[in-house]
Amino acid sequence: MAEKSKTSAVKARLPRGLVDRPAGEIKAAERMLGVIRGVYERYGFDPVETPLIEYTDALGKFLPDQDRPNEGVFSFQDDDEQWLSLRYDLTAPLARYVAEHFDALPKPYRSYRAGWVFRNEKPGPGRFRQFMQFDADTVGAASPAADAEMCMMMADTLEALGLERGQYVIRVNNRKVLDGVMEAIGLSGEENAGRRLTVLRAIDKLDKFGPGGVAALLGAGRLDESGDFTKGAGLDPDGIDRVLNFTGWGEQGSGSGSIAGVSAVTLSNFAAAVGTSVGGAQGVAELTEIEALVAAAGYSDRVRIDPSVVRGLEYYTGPVFEAELLFETVNEKGEPARFGSVGGGGRYDGLVGRFRADPVPATGFSIGVSRLMAALANLGKLSTEDEVGPVVVTVFDRDRIADYQTMVQRLRAGGIRAELYLGGSGPKAQLKYADRRNSPCVIIQGSDERDRGVVQIKDLALGKALAATIEDNATWREARPAQFEVPVDGLVEAVRSLLGGRP
RNA sequence: GCAGCUGUAGCUCAGUUGGUUAGAGCGUCGGAUUGUGGCUCCGAAGGUCGGUGGUUCGAGUCCACCCAGCUGUACCA
């Protein structure tokens, strides 16, 4: 008897933060991507694809001059010692692509792409190290009309996927306004760069900690439940008040708390909050124009100016957007949970310019496909049921595999998904196999049927329904529920009509 | 990175003050039924008890260190 060598066996295991995708999920995802693609195409965007791997320096903010690329990015060295990385978003590779083919592309250049991106960081619930994004970008258009279009297209996309109005909102802010406010409270200048970042991070944490927690982070700092202390921005009480009021979480009536007609109120609030800041005033002007375009197109109920949107701290230079789902749901533990952000974007006027002498304005939006898919599944807007399997032609007589194979080919030629049972087990196991494959029916031809020139067709779904009323196995087998026979020549037609009667 | 919690069969878990051969349910496979998927019944396979070292006559159980996972937090293009 051969010893099983357990110690030498490689353990089958998936690296953490990564997931396998079974058939049902892949098919559901394909349907969903098809819907998104349809909307983007209708808006006049064209597909473009770039590789999963880029030179590390092309990906952006990461140090060409350090010998080790930043953590958070999967990187390795080519045989010529150059650093390569897996892309961590789709925007930086697009900027590289546009810069490399700048003269050949029509400007403004409008494109979309779906693809896997990778982040080498700690995974969490709903956060993976490989996930899919679906982006659309307009490169070479400085007009706020390009930003407004992005927001409206996202709204259209979410509705095309089955979300109803009121279940989501596209929130819009402007990085220049945020900078203007900080300038107004005395945080301008190089020496305050760190504190500005802390303030932005604090604002971004509203959904997690609420206004009280944000106030703590703006001031001295915050102690979390585990006893960990996060150092704050160190603003004085007046500065904290002004930031909170600006965001609308203080006593002011604007901002994320209200819904109808807020944008106009928020904008006037902004104008006051940025004070004399030139950049801030410019940001307010851009938002005002976006708001006017959105209103004119009838999207004011879905696209809203909101001071709490911060987004990527590094490369956005103007308007920033975020698509947020508003409905509550329950997680697997039965606790109420919110899906929150399922996508975002903004204007990144500096990104293409890193590769060229002259700046190139650009704006785009990115959808987190996996997260949005989870939300849609939760809402029942995405069918994740098992697909109907193939018709299985069973092998009751090992010597006549060629005959069975012929039946399979006839079914396939008739446009029916079908397969020959290729295992080595007996009839019982074959039926069990077909059941697990979720086959609509199996084809049976033993010697009896062969002699009479017929085949048995067994409707598995109907049989399952009938089984509920039968208790003992002898009767169940005797009755052969939902099974009928047809002449061999009528096989394809009979299967087709059986399938046709299915929902 | 920091903090807390948890590691026993493929999965979910039980395992007494430290005591003989570590159990259950589900799942898997086989049989009852060699021409028929469900139900039922019978049976089988499946474990370095996360790892290493220590205490002890004796460790799944106690101690130390390490590893992994989960949760929170930091960071997040």
Side-chain angles (χ1 to χ4, degrees), chain A residues 4 6-7 9 11-17 59-62 70-73 85-93 95 117-125 127 129 131 133 197-198 200-201 204-205 208-209 213 217 221-231 310-316 333 341 344-346 348 351 366 389 392 394-398 421 425-450 456-483:
Chain A
K4 238 197 296 183
K6 290 179 186 171
T7 45
K11 183 166 187 190
R13 60 197 186 118
L14 185 67
R16 85 196 153 117
L59 288 181
K61 68 179 192 129
F62 295 106
N70 196 299
E71 56 185 72
V73 185
S85 294
L86 290 179
R87 63 190 181 188
Y88 52 78
D89 69 12
L90 297 177
T91 311
V117 299
F118 303 84
R119 294 187 188 178
N120 189 9
E121 46 189 33
K122 184 185 154 186
R127 276 182 73 169
R129 296 203 293 176
F131 57 99
Q133 292 190 331
L197 210 56
T198 306
L200 291 176
R201 284 175 185 152
D204 204 27
K205 295 239 177 340
K208 236 175 179 175
F209 302 141
L217 286 169
R222 178 178 178 276
L223 190 71
D224 69 50
E225 312 90 74
S226 75
D228 215 26
F229 184 74
T230 308
K231 196 172 183 301
V310 177
R311 299 293 306 172
L313 302 167
E314 300 295 334
Y315 64 52
Y316 290 124
K333 290 177 195 160
S341 172
Y348 50 97
L351 214 50
S366 176
V392 173
T394 56
V395 176
F396 272 42
D397 185 347
R398 292 264 148 219
Y421 175 76
S425 300
K428 185 181 168 67
Q430 298 192 33
L431 270 289
K432 210 166 177 170
Y433 169 80
D435 192 42
R436 294 186 108 189
R437 291 297 311 274
N438 200 26
S439 298
C441 63
V442 295
I443 309 303
I444 298 167
Q445 191 191 50
S447 48
D448 280 8
E449 289 84 1
R450 194 262 320 267
Q456 300 277 350
I457 299 176
K458 189 179 184 74
D459 185 331
L460 293 179
L462 181 56
K464 186 170 283 181
L466 295 175
T469 63
I470 303 174
E471 278 178 19
D472 79 296
N473 189 259
T475 315
W476 153 250
R477 295 179 65 212
E478 195 79 15
R480 293 192 176 172
Q483 185 168 333

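Lettering of chains follows the sequences in order, A, B, ..., and the numbering in each one begins at 1.
- A/Arg311 places its CZ atom 7 Å from the P atom of B/A77, with the value rounded to the nearest Å.
- A/Arg201 has a side-chain polar atom (N or O) that falls below the 4.0 Å cut-off from OP1 or OP2 of B/C76.
- Using a 4.0 Å heavy-atom cutoff across all strands shown, A/Lys231 reaches no nucleic acid atom at all.
- The shortest side-chain heavy-atom distance between A/Thr230 and A/Phe209 does not fall under the 4.5 Å cut-off.
- Atom NZ in A/Lys458 sits roughly 15 Å away from atom P in B/G35 (whole-Å rounding).
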Distances under 3.5 Å only, N/O to N/O: pair up the protein atoms with those of nucleotides 30-32 of chain B.
none

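- Side-chain N/O atoms of A/Gln445 and base N/O atoms of B/G35 include no donor-acceptor pair closer than 3.5 Å.
- Using a 4.0 Å heavy-atom distance criterion, A/Ser439 is classed as making no nucleic acid contact.
- In terms of phosphate contacts, A/Trp476 brings a side-chain nitrogen or oxygen within less than 4.0 Å of OP1 or OP2 of B/G37.
- Between the side chain of A/Arg127 and the base of B/C76, at least one donor-acceptor pair of N or O atoms lies under 3.5 Å.
- Looking at heavy atoms from C-beta onward, A/Asp435 lies in side-chain contact with A/Lys464 at the 4.5 angstrom threshold.
- A/Leu59 places a side-chain heavy atom less than 4.5 Å from the side chain of A/Pro93.
- With the nearest nucleotide of RNA chain B identified for both A/Arg16 and A/Lys122, A/Arg16 has the one nearer the 5' end.
- At a threshold of 4.0 angstrom between heavy atoms, the contacts of A/Gln430 with the nucleic acid are absent.
- Comparing the P positions of B/G10 and B/G51 gives an interatomic distance of 14 Å, to the nearest angstrom.
- When side chains are defined from C-beta on, A/Leu460 does not count as touching A/Asn438, because their heavy atoms never get closer than 4.5 Å.
- At a threshold of 4.0 angstrom between heavy atoms, the contacts of A/Glu449 include nucleobase atoms, whether or not backbone atoms are also involved.
- Nucleic acid contact class of A/Gly426 (heavy atoms, under 4.0 Å, all strands): none.
- Judged by Watson-Crick or G-U wobble contacts below 3.5 Å, the nucleotide B/C11 has B/G25 as its partner.
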